[in-house]
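Have a look at the structure below, then the notes.
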2 protein chains.
Amino acid sequence: MEIVKMPLGMVVIKMLKPMFCVLEMRAAKQTDLKLTMPQFVLLFTINEEKEEVILKDMAEKLGKDKSAILRMIDLLEKKELVRRVVDQNDRRKNQLMVTKKGERLIAEFRKIESELNSELLEGLSEADMETFYKVANHIQIKSEQLKIASTI
Amino acid sequence: MEIVKMPLGMVVIKMLKPMFCVLEMRAAKQTDLKLTMPQFVLLFTINEEKEEVILKDMAEKLGKDKSAILRMIDLLEKKELVRRVVDQNDRRKNQLMVTKKGERLIAEFRKIESELNSELLEGLSEADMETFYKVANHIQIKSEQLKIASTI
DNA sequence: TTTATTAGTTGCATATGTCAATCATTATTC
DNA sequence: GAATAATGATTGACATATGCAACTAATAAA
């Protein structure tokens, strides 16, 4: 398998590209609202947080400039997927909340994704997938450590 | 491990983000030329081809519009990493060639990447990584099949 | 030799992204 | 308690990224 000679990042990008392509096509068919990938990732990440989140948190978490996040939130708010709510304890902050509509969209997307996954993973064992997730998780954690270390 | 509940795409994105962040920081330190990720992926993909490649091929392969690729090639050409050469058999076509400078950049990047990889993969077994690559490859191939199937 | 197809290009619109400057609010310090 | 600093959000300027539609030049098909 010559694939092993390819840089890890490239391997993953090459996997992700056609996968997201199919995902986008299917999502476009079933939902009228069309989100770009960065928008969806932002929406998903806000939703995922258990604590209150503000713009600054998302900028840090996604590794982008605040203004980039701000403009995406503008778009998400225009589509009624996210709301800004002023924090009454600190009026500089806007808490970001996913609306019911946003939650429905995420649920819909998750369904499409899980259907796609079962097609994509056909032929792979449970054990293989556990290993895959383990490796992905490992790389994520290590990368974050390195990122923090080199930022200091 | 609750991570398994996350959509596969999200898991991979979450792995890729900090990894690329570190990669970019290190690459920026060692090379004066700064490429964006899409530019680098394009450069790498042109380089990877064994046969002659033209703009149209890259647009198809990367799943983007011809004009998007065209403008990136403009940028890569301006940076002297890629050259267009008119195909003498069919003068509509421009063959894309990676320059020596481009090749050096790729080699440099590969080195940085492989160093990073050995840090990131520390603690994972060979067998784990083989499984990871196998799964990634499997997903890529299946996705491409689905993509083609749904395009027809 | 018309006509159709193909590869590349251009204009336009939107999205994404960084940086620097600014505004309002809250914390700190003297 | 008033001046100053720090924080969070916003804006403007600018470059890149991306898709769509219209167009040009070259080649293939009729």
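For the numbers below, each heavy atom of this structure counts, side chains included, while hydrogens, waters and symmetry mates do not. Chain naming here is simple, since letters A, B, ... match the order of the sequence lines and numbering starts at 1 in each.
Looking at which nucleotide of DNA chain C each of A/G63 and A/D90 is closest to, the 5′-most match is held by A/G63.
Here D/dT16 is the nucleotide among D/dT16, D/dT18, C/dG8 with the atom lying nearest to any side-chain atom of B/T36. Closest to the side chain of B/R91, from the set C/dT26, C/dT10, D/dA26, is D/dA26. Which of C/dT9, C/dT5, D/dT16 sits closest to the side chain of B/R92 comes down to C/dT5. Of the candidates D/dG8, C/dT9, C/dT16, the closest approach to any side-chain atom of A/K93 belongs to D/dG8. Side-chain proximity of B/S67 to D/dA9, C/dT9, D/dC20: nearest is D/dC20. Listed nucleotides: D/dT27, C/dT16, D/dT18. Nearest to the side chain of B/A68: D/dT18. Counting only heavy atoms from C-beta on, B/I54 has its side chain closest to C/dG8 among D/dA17, C/dA27, C/dG8.
As a whole-Å value, the separation of B/K78 NZ from D/dA15 P is 10 Å. At whole-Å resolution of the value, CD1 in A/I73 and C1' in D/dT11 are 15 Å apart. Here the C1' atom of nucleotide D/dA15 and the CG atom of B/L76 are 15 Å apart, to the nearest Å. To the nearest angstrom, P of C/dT18 lies 8 Å from NZ of A/K64. Following rounding to the nearest Å, A/E60 (CD) and D/dT7 (C1') show an atom-to-atom distance of 12 Å. The CG atom of B/L55 sits 18 Å away from the P atom of D/dA25 (whole-angstrom rounding). Between the CD atom of B/E52 and the P atom of C/dA7 there is a distance of 15 Å, given to the nearest Å. One interatomic measurement links the two molecules: CE of A/M37 to C1' of C/dG17, which rounds to 18 Å at whole-angstrom precision.
The phosphate of C/dG8 (OP1 or OP2) has no side-chain N or O of B/K66 nearer than 4.0 angstrom. Between B/N89 and D/dA26 there is no side-chain polar atom (N or O) within less than 4.0 angstrom of OP1 or OP2. Residue B/R84 places at least one side-chain N or O under 4.0 Å from the OP1 or OP2 atom of C/dT9. Contact between the side-chain N/O atoms of B/K56 and the OP1/OP2 oxygens of C/dA7 is found at a separation under 4.0 Å.
Using a 4.0 Å heavy-atom distance criterion, A/L70 is classed as a base contact. Heavy atoms of A/N94 sit under 4.0 angstrom from primed sugar atoms or phosphate atoms, though from no base atom.
Taking 4.0 Å as the cut-off between side-chain N and carboxylate O, B/E77 and B/R83 do not count as a salt-bridged pair. Classification of A/K61 and A/E49 as a salt-bridged pair holds, one side-chain N sitting under 4.0 Å from a carboxylate O. Residues A/R71 and A/D65 are not paired through a salt bridge, judged by the lack of any N-O separation under 4.0 Å between the basic side chain and the carboxylate. A salt bridge links B/K14 with A/E48; the closest basic N to acidic carboxylate O contact falls under 4.0 Å. A salt bridge does not link B/D74 to B/K79: none of the charged nitrogens lies less than 4.0 Å from a carboxylate oxygen.
At a cut-off of 3.5 angstrom, counting only N and O atoms as typed in the model, there is a donor on one side and an acceptor on the other between the side-chain of B/R71 and the base of C/dG11.
Checked against A/R26 for a salt bridge (charged side-chain N to carboxylate O under 4.0 Å, His left out), the options A/E108, A/E113, A/E119 give a single hit: A/E119.
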